[in-house]
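Input: a single structure, listed below in structure tokens.
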Number of protein chains: 2
Amino acid sequence: MAGNTSAPGVTVTSRVLALLGAFDEHHRALTLTDLARRAGVPVPTAHRLVAELVAGGALARRPSGEYVVGRRLWDVGLLAPVEIGLRRVAEPFLHDIHAATRATVHLAVRDGSEVLYLERMRGRASVPVVSQIGSTLPMHCTGVGKVLLAHAPDEVQRQVLQSLQRVTRYTVTQPGLLQQQLEGVRRDGVATTSEEMTLGACSVAVPVMRDDEVVAAIGVVVRSLKRDRAGLVAALQVAAQGIGRSLG
Amino acid sequence: MAGNTSAPGVTVTSRVLALLGAFDEHHRALTLTDLARRAGVPVPTAHRLVAELVAGGALARRPSGEYVVGRRLWDVGLLAPVEIGLRRVAEPFLHDIHAATRATVHLAVRDGSEVLYLERMRGRASVPVVSQIGSTLPMHCTGVGKVLLAHAPDEVQRQVLQSLQRVTRYTVTQPGLLQQQLEGVRRDGVATTSEEMTLGACSVAVPVMRDDEVVAAIGVVVRSLKRDRAGLVAALQVAAQGIGRSLG
DNA sequence: GAGATCCTTCCGCTGGGCGAAAGTCCAGTG
DNA sequence: CACTGGACTTTCGCCCAGCGGAAGGATCTC
């Protein structure tokens with residue numbers, strides 16, 4: 001407890017969490033000044049708190065002076081049961097798809113109005129892939145995202161459809177066109193993208209159902225859908241059904 | 001700052017880290033009282049700090065009243081660059097082994113006097129596997145562990161060899177015998193176990209070299225090594241060499 | 001119904017935590 | 001090589017955030 005603070009009522013715990021929250025996938029290494037700024041705490045305060053986090057292994061300081069998330073948080077973070085049942089059940093099926101297609105394979109769920117990637121098995125081919133486990137990407141321009149959006153509550157669809165950000169020049173940004181695509185996804189049970197998220201990368205995805213509800217999406221990322229689109233869809237659907245059955 | 005504390009000098013940050021550190025792979029869900037006990041803080045203090053961690057998403061409280069690690073720590077933990085270069089380079093090779101063998105595949109490094117599992121790709125066969133990503137297991141009774149132990153500094157080998165815990169009735173607990181096995185591992189470049197860690201599970205592992213130094217081990221877990229031991233070893237060695245080359 | 005355990009709330013006490021200011025260090029620039 | 005700017009470190013008077021024993025409520029078990 002400090003007194004003499006510029007922010008009465010802000011606790012040490014909340015400052016610690018703010019400092020840890022300063023890191024994200026675009027900011028994996030931060031200087032002390034950056035950390036303080038992003039966490040909204042004065043530099044000397046950040047300096048003291050960060051030193052304790054380093055001592056406890058929650059953060060680590062590189063020779064360059066930048067801080068990164070430490071091993072202790074890696075350990076603890078792995079214990080978080082984020083969709084653990086789904087991930088455990090899906091893993092063998094994802095391996096099957098990966099072995100059969102050699103493409104990047106995804107398992108994702110809806111996270112508000114974005115897609116959260118739970119598993120990513122990178123393929124061997126040099127197709128650019130921006131996702132990683134734990135990352136969130138937009139729903140309107142990813143295969144798994146379109147699947148999850150097509151089956152999202154009306155309110156989520158409305159929210160997403162009214163702010164369609166362009167990511168590449170192929171990104172669908174007209175609400176009407178995307179709406180039509182989502183109807184097609186609901187009808188056919190398959191979503192595709194063509195360089196809408198990343199140039200040089202196309203994707204195809206299908207829903208994972210449990211009790212008539214879409215709980216996740218699985219998909220692959222390839223250079224082109226022209227070759228063997230039907231085979232990819234078949235493999236994904238077989239795996240999705242296997243996962244759905246195993247979820248009980 | 002608080003005053004009026006039973007533990008002068010103990011900071012809020014260190015208490016927070018102690019609470020988070022109360023979780024481990026054998027304690028993934030904890031009651032408030034358990035948390036307080038394991039963190040060494042009085043229950044009302046734990047109550048207050050835990051409530052803040054829950055509010056910040058670092059912990060989550062289940063309907064049963066038990067606490068688990070929350071989504072925010074999963075997010076932050078994933079940002080920790082724990083052997084990230086090695087894991088990234090190794091991933092495709094591990095997929096190759098997995099596709100070829102259908103067995104559980106491991107990538108591990110030495111962590112003091114234990115093995116730290118960086119990757120685990122579960123196989124389809126019902127071979128019991130106790131490892132998981134982020135877990136540490138003993139070196140003397142796991143395949144990857146024997147590889148890493150064989151190439152560990154003398155001090156580490158001495159330390160491990162003088163306290164060999166029995167895990168199953170097949171665990172090697174005589175230092176002399178293990179020493180001979182380690183010599184064989186250094187000579188042949190392969191380590192094996194037979195139900196030494198888990199009944200019903202055998203393993204085979206090889207080292208990953210970079211600049212004549214063992215930086216990791218990869219291995220597979222199977223029901224029996226009697227079938228196709230040579231094939232498993234060949235696949236592992238090819239992959240290990242690929243990883244080593246890619247590490248530069 | 002009693003007992004044990006867990007969880008929640010209270011509140012007087014107090015020193016942990018606060019951050020502006022000053023100083024040090026280092027990289028970049030002219 | 002000297003100077004500048006920015007990052008980082010240290011100081012220390014101030015003060016209220018945090019402390020936890022005690023008490024009470026809730027729940028589970030026998």
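Quick caveat, the model's predicted, so the values are computed rather than measured. Each chain gets a letter, A, B and so on, in the order the sequences are listed, and its residues count up from 1.
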**OP:** Identify whether any heavy atom of A:Thr11 sits under 4.0 Å from a base atom; if not, whether one sits that close to sugar-phosphate; answer base, sugar-phosphate or nothing.
**Re:** sugar-phosphate
Subject >> Letter per nucleotide, 5' to 3', of nucleotides 3-12 of chain C [B base touched, S only sugar-phosphate touched, - untouched; heavy atoms, 4.0 Å] >> reply: ---SSBB--B
Subject >> Under 4.0 Å protein heavy-atom contact, by nucleotide of nucleotides 23-28 of chain D - B base, S sugar-phosphate only >> reply: ------
Subject >> Check against side chain to side chain donor-acceptor pair (under 3.5 Å), A:Glu196 and A:Thr168 >> reply: CA-CA 6 Å; A:Glu196 295 161 51; A:Thr168 75; over 6 Å; no
Subject >> side chain to side chain donor-acceptor pair (under 3.5 Å) involving B:Ser163 - partner list, sequence neighbours excluded >> reply: none
Original post:
Is there a side-chain contact between A:Val208 and A:Ile218 (heavy atoms, below 4.5 Å)?
Top reply: yes
Original post:
So do the side chains of B:Leu59 and B:Val68 get within less than 4.5 Å of each other, counting heavy atoms only?
Top reply: no
**OP:** First locate atom CZ of A:Phe93, then atom CD1 of A:Ile243, and finally report the distance between them rounded to the nearest 0.5 Å.
**Re:** 6.0 Å
Subject >> Check: B:Arg110 side chain, B:Gly112 main-chain N or O, donor-acceptor pair, under 3.5 Å >> reply: yes
**OP:** Decide, yes or no, whether a salt bridge links A:Arg158 with A:Glu155 under the criterion of side-chain N to carboxylate O below 4.0 Å.
**Re:** yes
Subject >> Derivation of the side chain to side chain donor-acceptor pair (under 3.5 Å) call for A:Arg120 and A:Ser131 >> reply: CA-CA 7 Å; A:Arg120 185 207 69 181; A:Ser131 61; 4.8 Å; no
